[in-house]
Every structure is written in C-alpha cells, then in structure tokens.
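These notes concern the structure reproduced below.
Numbers here simply count residues along the sequence, with the first being 1. Nothing here was measured: the structure is a model prediction, and the numbers come from that model.
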Amino acid sequence: MSNRKIISVLILFLICFNSIAQQHLDPVYINITNERAAKIVAKLELANPAKEKAVTDIIAQQFRDLSQIQDGRDAEIKKVKADSSVVKEKRNEKIDKLKSTADEAISKLHAAYLKKLGTQLSQDKIVAVKDGMTYGVVEITYAGYQDMLPALTKAQKEYIYTNLVEAREFAMDGGSSKEKHAWFGKYKGRINNYLSKEGYDLNKESADWHKRVEEREKNKTKG
C-alpha cells in the first residue's frame with residue numbers, strides 16, 4: 001500500500017473515530033463549546049434565531065471536532081514518547097507521521113467547516129467568525145503596525161495584512177490560545193523580516209511607538 005493510501009486510511013479512521021467519540025464527550029465540555037460558539041455568533045447580529053442556532057451548532061461542532069483530532073494525536077504521541085523499547089529515531093518518525101496525519105485531517109475539516117458556514121453566512125460574516133475564533137488578532141495587529149509605522153506604503157500594508165490573514169487560517173484551527181498566538185507570532189516574524197529589508201529599524205520604531213502610546217495615555221488621563 002502506498003504512503004498516500006496509508007495516510008488516507010488513517011484520516012478516514014480519525015474521522016470515524018471522531019464521530020463515535022462525539023457520543024461520549026463530557027457534557028461540561030459540550031456546554032463550553034456551545035457557550036464559546038454563542039459568544040461569537042452574538043457579535044454577528046444575525047437577527048434570525050433559526051440562523052443563529054444553526055451557525056452556533058456549526059461552530060461548536062468545529063471546536064469539538066478539532067479537539068477530538070488534536071487530543072487523539074497528543075495521546076498517541078504521549079504513548080510513543082513513553083515507549084523506551086523503540087529507538088529515539090523511530091519514535092521521532094512515528095511522531096512526525098502522527099502529526100502529519102492529524103494535520104491532513106484538520107485541513108479537510110477546515111475546508112468542510114468553511115463550506116458549512118457558507119450555507120448560512122455571507123463572506124463578511126464568515127470573516128467575522130474567523131476573527132471571533134482568533135480573538136480579533138488580525139485587525140488589532142494590523143492597526144498596531146500602522147500606528148507604529150505611519151509611513152507604511154500601500155504595498156507594505158498589503159503585505160502585512162495578507163500575512164496576518166494567512167496566519168488566521170491556521171490559528172483558527174489551533175487547539176489552545178497559546179497555539180493560536182503562536183501562529184500569529186510566526187507570521188509576525190515573517191512580516192518583521194520583510195519590514196527590516198524595507199529599511200525599517202524595528203527596534204527603534206517600536207521604542208518610539210511605545211513612548212507615543214504612553215504619552216497618549218497620559219494625555220487621556222489629564223483630559
């Protein structure tokens with residue numbers, strides 16, 4: 001059997017396992033995912049109870065599906081690491097395969113999730129859901145760069161925004177706040193390297209920016 005077929009079988013197994021495991025999820029966790037989804041949907045202002053319910057269910061299910069894949073992956077990785085009968089190189093190979101298989105499953109889940117949202121929401125509302133799942137980091141960070149570097153050109157702004165949007169696609173599948181922020185951190189590193197090549201001294205620009213922000217806050221307090 002080819003590697004591609006093996007991966008496909010493993011992904012199918014994960015999906016089947018997930019659907020069965022859903023029946024045994026902790027009710028407390030189900031409530032948590034429902035509440036998280038409801039908070040995101042509330043900000044969409046859909047003014048349609050039936051649609052709100054449908055979208056909330058889709059988002060909550062996505063949280064649970066992601067958790068099933070990631071928890072299953074992490075549990076298997078833990079077993080591999082604990083197996084001292086296997087040499088380190090072989091353990092690392094197994095871990096890499098587990099991660100790769102999970103990544104493929106998550107990628108398929110991501111595409112299916114967006115398709116489901118598309119049956120209920122317009123594109124701008126879907127973007128709002130993505131922002132809700134990633135704490136609005138795209139707009140916050142983009143605004144920060146513009147405030148720090150007011151002389152940014154149109155091309156530079158586009159580069160920054162495009163990379164933050166790309167980071168969001170990965171971050172929304174993150175299993176924790178730390179993992180989500182790590183994706184943005186990775187892309188911010190890419191952006192900073194680009195800006196350095198464009199001639200910006202980011203250490204100086206950042207220091208100057210913080211001074212300006214502090215001055216602003218002082219003036220607000222005085223006002």
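- Of the charged side-chain nitrogens involved, at least one lies within less than 4.0 Å of a carboxylate oxygen, so that D208 and K204 count as a salt-bridged pair.
- Through direct or relayed side-chain contacts under 4.5 Å between Ile, Leu, Val, Met, Phe, Trp and Tyr, I140 connects to no other residue.
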R73 vs Q70, side chain to side chain contact (heavy atoms under 4.5 Å, CB included): CA-CA, chis, key distance, verdict: CA-CA 5 Å; R73 172 201 63 198; Q70 292 158 347; 3.7 Å; yes
Stepwise side chain to side chain contact (heavy atoms under 4.5 Å, CB included) test for M172 and W183: CA-CA 9 Å; M172 61 187 280; W183 276 110; over 6 Å; no
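- In terms of the side chain to side chain donor-acceptor pair (under 3.5 Å) criterion, R36 has no residue partners (sequence neighbours excluded).
- Remark: K220 engages E217 in a salt bridge, criterion side-chain N to carboxylate O under 4.0 Å.
- For V80, the side-chain contact (heavy atoms from CB on, under 4.5 Å) partners at least two apart in sequence or on another chain are R91, K94, I95, L98.
- T56 and A38 make their closest contact through CG2-N, 3.9 Å (heavy atoms, listed as atom of the first residue, atom of the second, distance).
- When every heavy atom of A37 is checked against every heavy atom of A60, the shortest pair comes out as CB-N, 3.6 Å.
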Return all side-chain donor-acceptor pairs below 3.5 angstrom for residues 143-155, not counting sequence neighbours, or 'none' if the list is empty.
{"unit_1": "Y145", "atom_1": "OH", "unit_2": "N192", "atom_2": "OD1", "d": "2.7"}
{"unit_1": "D147", "atom_1": "OD1", "unit_2": "R216", "atom_2": "NH2", "d": "3.0"}
{"unit_1": "D147", "atom_1": "OD2", "unit_2": "W209", "atom_2": "NE1", "d": "2.9"}
{"unit_1": "D147", "atom_1": "OD2", "unit_2": "R216", "atom_2": "NH1", "d": "2.9"}
{"unit_1": "D147", "atom_1": "OD2", "unit_2": "R216", "atom_2": "NH2", "d": "3.1"}
{"unit_1": "T153", "atom_1": "OG1", "unit_2": "Q156", "atom_2": "N", "d": "3.1"}
{"unit_1": "T153", "atom_1": "OG1", "unit_2": "Q156", "atom_2": "OE1", "d": "3.4"}

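- Between the side chains of R64 and T33, at least one donor N or O lies within less than 3.5 Å of an accepting N or O.
- The list of ring-ring contact (aromatic ring centres under 6.0 Å, His included) pairs with a residue in residues 119-142, not counting sequence neighbours, reads Y135-H181, Y142-Y161.
- Between E215 and R212 no salt bridge is recorded (no basic side-chain N to carboxylate O distance below 4.0 Å).
- When the side-chain contact (heavy atoms from CB on, under 4.5 Å) test is applied to D74, no partner is found at least two apart in sequence or on another chain.
- Judged as a salt bridge (charged side-chain N to carboxylate O under 4.0 Å, His left out), the pairs with a partner in residues 169-187 (not counting sequence neighbours) are, in order, K130-E169.
- Judged as a side chain to side chain donor-acceptor pair (under 3.5 Å), and not counting sequence neighbours, E158 has no contacts.
- Judged by distance alone, the side chain of T141 and the main-chain N or O of V137 form a donor-acceptor pair under 3.5 Å.
- Remark: side-chain polar atoms of H110 are not paired, donor with acceptor, to backbone N or O of I106 under 3.5 angstrom.
- Scanning for side-chain contact (heavy atoms from CB on, under 4.5 Å) contacts around D71 gives S67, with sequence neighbours left out.
- Not counting sequence neighbours, the partners of E166 by the side chain to side chain donor-acceptor pair (under 3.5 Å) test are Y187.
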Please table the atom pairs, donor to acceptor, closer than 3.5 Å between any side-chain atom in residues 40-50 and protein atoms at least two apart or in another chain.
{"unit_1": "N48", "atom_1": "OD1", "unit_2": "A50", "atom_2": "N", "d": "3.2"}
{"unit_1": "N48", "atom_1": "OD1", "unit_2": "K51", "atom_2": "N", "d": "3.1"}

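- Under the side chain to side chain donor-acceptor pair (under 3.5 Å) criterion, D124 pairs with S122, not counting sequence neighbours.
- Residues D57 and Q61 have side chains that never bring a donor and an acceptor to within less than 3.5 angstrom of each other.
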